[in-house]
Amino acid sequence: MTKPADEAQAVVSQALRESVASLPGLPGVYRFYDATDSLLYVGKAKDLKKRVSSYFQKTGLSPRIGHMVAQIVRLEVTTVRSEAEALLLESNLIKTQSPRYNILFRDDKSYPYLRLSRHRYPRISYYRGAVDKQAHYFGPFPNAWAVKESIQILQRVFRLRNCTDNVLSNRSRPCLLHQIQRCSAPCVGLIPDEGYARDVKRALAFLGGEHQDVLSELQADMQTAAQGMNYESAAVYRDQIGALSRVLQQHSMEADTALDCDIAAVASDGIRVVVNLAMVRGGRHLGDRPYFSSLASMLPRQHTDTLAENQELTDLSSLDELMDEALVSFVSQHYLDEQASPVATLIVNRGSAVPMIEDWFTDRQGGLKVLYAPQGKRRDWLQMAEDNARLALTRRAQEQGGAQGRTRLLAETLGLDTSAEDLFVLRLECFDISHTGGEATQASCVVYHSHAMQPKEYRRYNINDITPGDDYAAMEQVLRRRYGEVQPDLPMPDLVLIDGGKGQLGKAIEVFEELGLDARILIGVVKGEGRKVGLERLLRASGEVIQLGRDHGALMLVAQVRDEAHRFAITGMRARRAKTRVGSVLDDIEGVGPKRRQRLLARFGGLQGLKKASVAELATVEGVSHTLAEDIARRLR
């Protein structure tokens with residue numbers, strides 16, 4: 001059997017060897033490309049010539065690197081001033097180019113923040129996106145739960161509002177949150193401006209970790225109010241102190257912001273690598289989030305059969321080296337985003353990776369302290385992060401084992417001759433049509449491959465120019481738009497699921513035959529008797545009907561994909577319908593153009609608020625005369 005290293009040496013061209021021989025002995029970044037000019041790998045080096053030459057030695061290559069080297073046909077290099085600069089450039093290229101053989105840490109969402117607006121009565125809210133100077137932002141938080149829990153704490157203790165500005169300006173009486181003592185009702189003047197501002201200031205101090213200072217201020221205010229026989233105010237302060245004390249006790253908070261840190265713990269089970277990131281802010285542990293490297297980035301596709309059997313890989317050159325590489329790659333990719341900048345301390349569980357991480361931060365930001373063996377509370381947090389990393393590996397192994405089994409069962413059920421490698425790339429697309437009585441018809445296309453749903457590849461299609469309610473015509477239109485022209489970002493699937501009976505499947509077969517596509521990949525999903533889940537039947541283009549049991553793994557996978565297509569279609573349809581209804585009602589009124597429509601909806605918080613507004617209230621909107629206000633009110637009634 002040919003070893004990967006021998007295979008690699010056999011295909012290295014003379015031109016490539018000459019390119020390697022001419023490299024300078026300077027720090028920089030190198031890039032390997034294959035015969036299709038696809039980027040295979042991005043690497044950094046203190047000495048480009050020595051580092052790149054090591055890939056083309058006769059011995060010492062691991063199977064992973066050997067398979068990669070066998071595909072290299074050309075290389076490119078960029079020289080820089082230092083190894084730290086090389087790491088920064090490497091991080092940028094990995095994040096933007098996603099090379100096949102690099103360790104990649106993917107995440108579909110940005111980090112959530114807690115937002116406190118700069119308003120007369122600041123609003124506390126959950127936020128994702130780019131931060132600006134229009135509000136105070138606290139975070140990032142590792143997950144949405146941590147943000148929402150913090151909002152609940154601030155509402156219990158400081159009674160800050162979370163309603164929108166439109167709702168605030170149009171309220172005539174306190175809402176339910178005031179009645180359950182979660183809001184001080186600034187909307188109706190139940191708290192003076194200076195009182196609300198004081199609560200906001202204390203909330204900001206609390207978020208900054210100044211817990212004891214806030215408690216001392218509240219106690220002083222309570223004593224002052226009691227001495228002045230203002231017992232109602234004293235009772236309010238007493239309740240705030242009690243709520244804050246319970247929070248501090250529940251979360252074991254320490255009023256030492258020097259403890260604030262990020263904790264990155266890497267772990268591996270020999271098959272996959274995870275970095276678990278935990279965050280501590282304001283002396284409070286906010287939770288953690290695991291990041292898994294892409295399986296394809298860890299190993300060549302030739303090894304996916306081993307992954308499918310969930311067997312431990314023992315032919316990696318060094319698991320320790322892989323974990324170090326994973327940790328450094330995660331730090332450089334994660335903190336490349338300015339919004340993810342850490343606090344003053346980053347704690348890691350790999351001492352051998354500390355020097356490179358310190359170099360990278362020194363070159364990029366400076367002032368960051370990287371710890372490997374912390375003491376006290378930080379040591380407990382690091383142990384917790386390591387434990388959670390191992391638990392995440394266990395959960396992922398269980399999830400992927402189940403998903404791989406269902407994919408294999410579906411392939412066997414449909415008679416597909418697939419290896420484990422083919423199962424990993426087996427691509428399913430599922431289409432569904434959604435509308436309300438023919439209104440706002442929308443089609444969805446969801447995608448399943450690599451044993452998981454792929455939300456980034458989902459597509460919605462607005463269906464136009466058909467008879468309202470004609471599902472067959474809608475299915476024909478979406479299939480022609482999806483498969484009628486080449487879309488490089490969406491390759492052809494191996495299976496296409498059509499949510500519907502013989503009619504929808506028949507229309508899909510017609511479209512495929514006209515487009516010259518193989519109709520055998522079409523599968524109709526027919527609802528069972530009484531639309532009960534588990535009683536669905538599968539229809540093939542040949543007319544064959546496949547009836548599976550309620551608990552059959554293949555049917556569970558089909559139902560999962562079908563239900564996701566339905567969910568994606570109906571949410572899009574509802575959004576389009578709401579937009580269409582608002583626009584059509586106002587657009588039909590003479591004298592209401594885009595600007596006036598926007599002003600009206602903004603003033604009254606949407607169509608429902610607009611319908612409740614009186615003629616006099618409508619006439620207060622800029623550009624709306626009394627006559628036009630009467631016309632609007634009459635048309636909306």
Side-chain angles (χ1 to χ4, degrees), residues 308 402-434 443-454 470-484 490-566 568-569:
Q404 290 165 5
R406 288 193 294 269
T407 306
R408 182 182 293 108
L409 275 174
L410 180 62
E412 292 173 352
T413 300
L414 299 178
L416 302 179
D417 184 15
T418 54
S419 64
E421 175 185 348
D422 296 328
L423 284 175
F424 189 79
V425 297
L426 182 68
R427 181 184 181 92
L428 280 70
E429 293 187 1
C430 182
F431 293 85
D432 189 28
I433 307 297
S434 183
S444 69
C445 173
V446 301
V447 180
Y448 175 94
H449 67 76
S450 305
H451 306 301
M453 302 302 301
Q454 305 295 329
D470 189 343
D471 288 352
Y472 296 165
M475 184 63 70
E476 177 181 1
Q477 184 177 131
V478 67
L479 292 176
R480 289 187 184 279
R481 290 169 62 182
R482 167 64 182 93
Y483 302 116
L490 288 176
M492 279 296 296
D494 301 288
L495 288 172
V496 177
L497 303 180
I498 305 296
D499 186 22
K502 292 183 178 179
Q504 283 90 340
L505 180 60
K507 183 59 67 175
I509 293 172
E510 289 180 16
V511 172
F512 267 51
E513 290 177 345
E514 290 180 20
L515 296 176
L517 303 175
D518 186 358
R520 291 177 298 179
I521 69 173
L522 292 168
I523 303 292
V525 184
V526 184
K527 295 179 177 65
E529 181 180 355
R531 307 173 75 90
K532 292 182 179 179
V533 177
L535 300 181
E536 294 90 346
R537 292 170 294 148
L538 305 183
L539 298 182
R540 308 198 71 158
S542 62
E544 177 188 359
V545 179
I546 302 175
Q547 182 80 54
L548 302 174
R550 179 188 295 270
D551 298 322
H552 195 286
L555 186 59
M556 292 171 64
L557 175 57
V558 169
Q560 174 193 353
V561 177
R562 188 273 317 275
D563 291 346
E564 178 68 354
H566 181 67
F568 194 58

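Side chains are part of it too, since the values below use all heavy atoms of this structure and drop only hydrogens, waters and symmetry mates.
- Remark: the backbone N or O of Ile546 is not paired with any side-chain donor or acceptor of Arg540 at under 3.5 angstrom.
- Applying the side chain to side chain contact (heavy atoms under 4.5 Å, CB included) rule to Met453 yields the partners Val446, Tyr448, Tyr458, Gln560, Val561, Glu564; only residues at least two apart in sequence or on another chain are considered.
- Checked against side chain to side chain contact (heavy atoms under 4.5 Å, CB included), Arg520 has the following partners two or more places apart in sequence or in another chain: Asp518.
- Distance check, rounded to the nearest 0.5 Å: CZ of Arg406 to OG1 of Thr413 gives 13.0 Å.
- Distance check: Arg562 CZ to Lys527 NZ gives 6.0 Å after rounding to the nearest 0.5 Å.
- With sequence neighbours excluded, the residues that form a ring-ring contact (aromatic ring centres under 6.0 Å, His included) with Phe512 are Tyr483.
- Scanning both residues, Leu423 and Ala411, for their nearest heavy atoms gives CD2-CB, 3.8 Å.
- Contact annotation: the side chain of Leu416 approaches that of Leu426 to within less than 4.5 Å [non-hydrogen atoms, C-beta and beyond].
- For the side chain to side chain contact (heavy atoms under 4.5 Å, CB included) test with Arg537, the passing option among Leu555, Val545, Leu548 is Val545; the others fail.
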Residues 494-508 side chain polar contacts: donor-acceptor under 3.5 Å, at least two apart:
from   : atom 1 : to     : atom 2 : distance (Å)
Asp494 : OD2    : Arg427 : N      : 2.8
Gln504 : OE1    : Gly501 : N      : 3.3

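- Here the CD-CG distance, from Glu412 to Leu410, works out to 10.0 Å after rounding to the nearest 0.5 Å.
- Counting heavy atoms from C-beta outward, Leu522 and Ile509 have side chains that approach closer than 4.5 Å.
- Counting heavy atoms from C-beta on, the side chains of Gln454 and His449 come closer than 4.5 Å.
- Contact detail for Ala541 and Ala519: the closest heavy-atom pair is CB-O, 3.3 Å.
- Residues forming a side-chain hydrogen bond (donor to acceptor under 3.5 Å, both in side chains) with Ser434 (at least two apart in sequence, or on another chain): none.
- Atom CZ of residue Arg482 and atom CG of residue Leu515 lie 11.5 Å apart, to the nearest 0.5 angstrom.
- Gly553 and Leu409 make their closest contact through CA-CD1, 3.7 Å (heavy atoms, listed as atom of the first residue, atom of the second, distance).
- Here Ile433 contributes atom CD1 and Glu476 contributes atom CD; the two are 11.0 Å apart, rounded to the nearest 0.5 Å.
- Pairs of residues two or more places apart, or lying in two chains, never qualify as ring pair (Phe, Tyr, Trp, His ring centres under 6.0 Å) while including a residue from residues 543-565.
- Scored by the side-chain hydrogen bond (donor to acceptor under 3.5 Å, both in side chains) test, Glu514 finds Arg480 as partners (sequence neighbours excluded).
- Taking the salt bridge (charged side-chain N to carboxylate O under 4.0 Å, His left out) definition, one finds that Asp470 meets it with nothing, sequence neighbours left out.
- For the atom pair CG of Leu479 and SG of Cys445, the computed distance is 9.0 Å after rounding to the nearest 0.5 Å.
- Residues Pro493 and Ile521 approach most closely at O-CD1, 3.8 Å, considering heavy atoms.
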